[in-house]
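Okay, structure first, notes after.
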Amino acid sequence: MSYLRIRDLSVVLRGTRHRLLRGVSLDVGATEVMGLVGESGAGKSMIGKAVLGILPRSAKIVSGSIELDGVDLLTLPPRQRRHVIGQKAALIPQDPLTALNPARRIEPQITDRLVDILGWDRARARTRAAEILHDVHIPQPERVLRAYPHELSGGMRQRVLIASAFAAEPRLIVADEPTTALDVTVQKQILKLIFEMQARHGTALLFVTHDLGVVSKICQRLTVLYGGLVMEEAEVGAFFDAPAHPYSRALLAATPRHTDPTADLTPVPEAVIAEARRAVAEADLRWHS
Amino acid sequence: MFLRRLLSRIATTLVTLLGVAVIVFAVIRIVPGDPVAMMLPPGATEADIARLQAFYGLDKSIPEQFFIWLGGVVQGDFGTSITTRQPVLGLVLSRLPATLELSVMALVIAVALGGTMALIGTRQRYTRTEGAIDVANGMALSVPDFLWGLVLILLFGVLWPVFTISGRVSPNLVPEFTTSFFLFESVVRLRFDLWLDLVQHMLMPALALAIPLAAIIGQLLKQSLKETMHLDYVTLARTKGYSENHVILREALRNAVLPTLTLIGVQFTFLIGGTVIIERLFSYEGLGNMAIDAVINRDLPLIQGIVLLFALLFTLVNLVVDLLYAVLNPRLRHA
């Protein structure tokens, strides 16, 4: 039984018939780690945003369903939808430097949801915040709770954001390229931390990335997107042994090898791109008719 | 550290005030118009004029006059008003509370009105409501305060006379007060009958001063709120299950207020300057009204005293804004 179940989701650029997501279907099991890969502009982040109800104003959902824990979010009134998302899902954002409110201390930024949405009392929420900061290996959690974001390093802030995401025990976490903005040296630690927390809490994780290397290490399944269209959805083991779709094969071939950094990068061949575009055009033809 | 900053601040303030004093002193003596000529009847003799000029020290050179005056000022003696023959300091201080209360009331109204407009505009962004607010702001902004004053007098003083449009308080109530801060005193003493009478007098001039400022605050705060609403931490807060109102008030407002605050400081000093004409318009017994009388009567010491006080007020407002800024912006607190 999948915890997140997306069916035939289409998102258009507001005011046009141009689709940004072209009938995406996707399942994430209750404790599963699903990698969402594709080039920039493929719509991978957009899926995460649609699930969390934070699509930009310029994007509009026109068809499909997003079921979270068996409830179709798109049929709920806005208020209730927000509440359900706040209780059951959480986001680990891309850029830790901009994702914390500069005018507020760390503590309320973690505890607000516990108090306002889950109805905990302040003292309990505070204890929980200190606990969860300890879990993400932050020394002196008490001091960090009183700090303002500008007093913490980038890696530290990302730890805080991970803690904040897990604090309310959500059943689904969307991680939107959570290490892209970080130093290479910190990236590894943060990745390790996210999967350590995921394993401990048994959360479903939708991991948006363009790094197939990371996907091969930690995801159980992955979905490859091109132009807002699902190219392939596969078990990670099977995918890396023999990707089924030509685009997936090309993408895999284009991934830089850490073992031989001097090797030339292989671009995705024109023919493969042309084929992927054809698939997109066919999907649009069917949709518009 | 704080003490050093405060001391340097006071030093700059003193230099500013000295500059203001020099300029005002020179200008009002260079422009035509002789106070002595205005005091004497048409047929006065040369000897009478010379005697009176000597009495007020006006026969000496301007630099000489300036240093005599400055010597008095540092000892707290701002000279004697030529028209009323009373000490300038006492006169000015007796009127200052009236102007302060009017300005602060106008500021409170402007912040309340502008803030509400900005919040509603942000909540209803990209809708017709926001468009309507923009239009209203534009209109409020393109009409200066004294014209608003005339409009208000016409509307609520003449066509539909619900407010008193002359004076600060009903004359028969003046003996009830022991201080010059009438509005403040009425609140502290819980005399709401007096308070009501005061508000009835002050609301229209305060509103005339507040409307343009409210429009500026509304526009800038809305702009800055809308920008803040796109920032990552606001988006993150949305995923936590909060309502739009909650997100605006708790996540965005405090950050969006900072640029507006600086502007409010600058604009508030303009507002204090605006009281001069507004007080005249509403026959409000404040400093501004007194300033106009002083200029008409060429009451040089009084003009100097008033201008110096205004200059002091302006620098104080800027100081308060800087302090508030540091309080609201945690990044500045340790700097």
Side-chain angles (χ1 to χ4, degrees), chain A residues 14 48-49 51-58 78-106 108-119 146-151 157 161 164-165 167-168 170 172-174 176 181, chain B residues 115 118-119 121-131 221-262 321 323-335:
Chain A
R14 196 177 286 273
K49 285 182 178 147
V51 170
L52 294 170
I54 49 171
L55 280 176
R57 230 186 74 80
S58 52
R79 238 183 97 110
Q80 230 174 315
R81 184 185 338 161
R82 276 197 305 263
H83 208 82
V84 169
I85 292 170
Q87 277 181 327
K88 299 187 170 171
L91 170 72
I92 299 176
Q94 184 169 20
D95 186 355
L97 298 184
T98 55
L100 287 167
N101 190 333
R104 308 186 70 207
R105 290 177 196 277
I106 298 299
Q109 303 199 45
I110 298 178
T111 58
D112 272 357
R113 169 170 19 198
L114 304 177
V115 174
D116 297 332
I117 307 297
L118 302 181
R146 282 191 304 273
Y148 283 98
H150 71 272
E151 297 166 311
R157 289 191 220 182
L161 287 163
S164 172
L172 170 74
I173 298 247
V174 177
D176 187 4
Chain B
L119 288 174
T122 307
R123 183 70 182 81
Q124 305 287 335
R125 60 193 180 282
Y126 311 117
T127 67
R128 279 193 192 153
T129 314
E130 192 198 0
L221 185 60
K222 178 163 74 71
Q223 197 51 44
S224 144
L225 268 173
K226 277 172 70 179
E227 277 162 26
T228 310
M229 292 304 281
H230 289 298
L231 297 181
D232 286 351
Y233 59 83
V234 177
T235 307
L236 184 62
R238 280 177 202 286
T239 69
K240 294 181 181 173
Y242 299 129
S243 67
E244 180 76 7
N245 289 345
H246 185 112
V247 170
I248 293 175
L249 290 175
R250 194 142 84 180
E251 299 291 337
L253 186 60
R254 190 158 163 188
N255 291 291
V257 153
L258 289 174
T260 317
L261 191 68
T262 321
V321 169
L323 288 177
L324 267 180
Y325 205 88
V327 169
L328 283 174
N329 189 349
R331 276 164 294 188
L332 281 181
R333 229 170 283 165
H334 311 287

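The structure displayed is predicted, hence computed values, not measured ones. The chains referred to below are lettered A, B, ... by the order of the sequence lines, with proteins before strands, and numbering in each begins at 1.
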Report task. Name the member of D95(A), L97(A), V84(A), D112(A) that forms the most heavy-atom pairs with chain B at distances under 4.5 Å. Result -> D112(A)
Query raised in the report: What do the steps show when you test L119(B) against L253(B) for side-chain contact (heavy atoms from CB on, under 4.5 Å), and what is the final call?
Result: CA-CA 9 Å; L119(B) 288 174; L253(B) 186 60; 4.2 Å; yes
Report task. Tell me, out of A99(A), A165(A), P93(A), who's got the most heavy-atom pairs with chain B below 4.5 Å. Result -> A99(A)
Requested in this report: Indicate yes or no for a side-chain donor-acceptor contact from Q109(A) to the backbone of R104(A) under 3.5 Å, with no hydrogens or angles considered.
Outcome: yes
Requested in this report: Measure R57(A) against the heavy atoms of chain B and call it side chain, backbone, both or neither at under 4.5 Å.
Outcome: side chain
Report task. Indicate yes or no: does E244(B) engage R125(B) in a salt bridge with an N to O separation below 4.0 Å. Result -> yes
Requested in this report: Tell me, for Y242(B) versus chain A, whether the close heavy atoms (under 4.5 Å) come from the side chain, the backbone, both or neither.
Outcome: both
Query - Contacting moiety of L161(A), where chain B heavy atoms sit under 4.5 Å - result: side chain
Query raised in the report: Checking heavy atoms, do the side chain of A90(A), its backbone, both or neither come under 4.5 Å from chain B?
Result: neither
Requested in this report: Starting from the C-alpha separation in whole Å, work towards a yes-or-no answer on side-chain contact (heavy atoms from CB on, under 4.5 Å) for V247(B) and M229(B).
Outcome: CA-CA 8 Å; V247(B) 170; M229(B) 292 304 281; 3.8 Å; yes
**Report entry** Side chain / backbone / both / neither for H230(B) at chain A, heavy atoms under 4.5 Å
**Finding:** neither
Requested in this report: Run the numbers on L91(A) and I54(A) for side-chain contact (heavy atoms from CB on, under 4.5 Å), then give the verdict.
Outcome: CA-CA 10 Å; L91(A) 170 72; I54(A) 49 171; 4.1 Å; yes
**Report entry** Part of L100(A) within contact of chain B (heavy atom distance under 4.5 Å)
**Finding:** backbone
Report task. Check each of K222(B), Q124(B), R123(B) against E130(B) using the side-chain hydrogen bond (donor to acceptor under 3.5 Å, both in side chains) test, and report the only one that passes. Result -> K222(B)
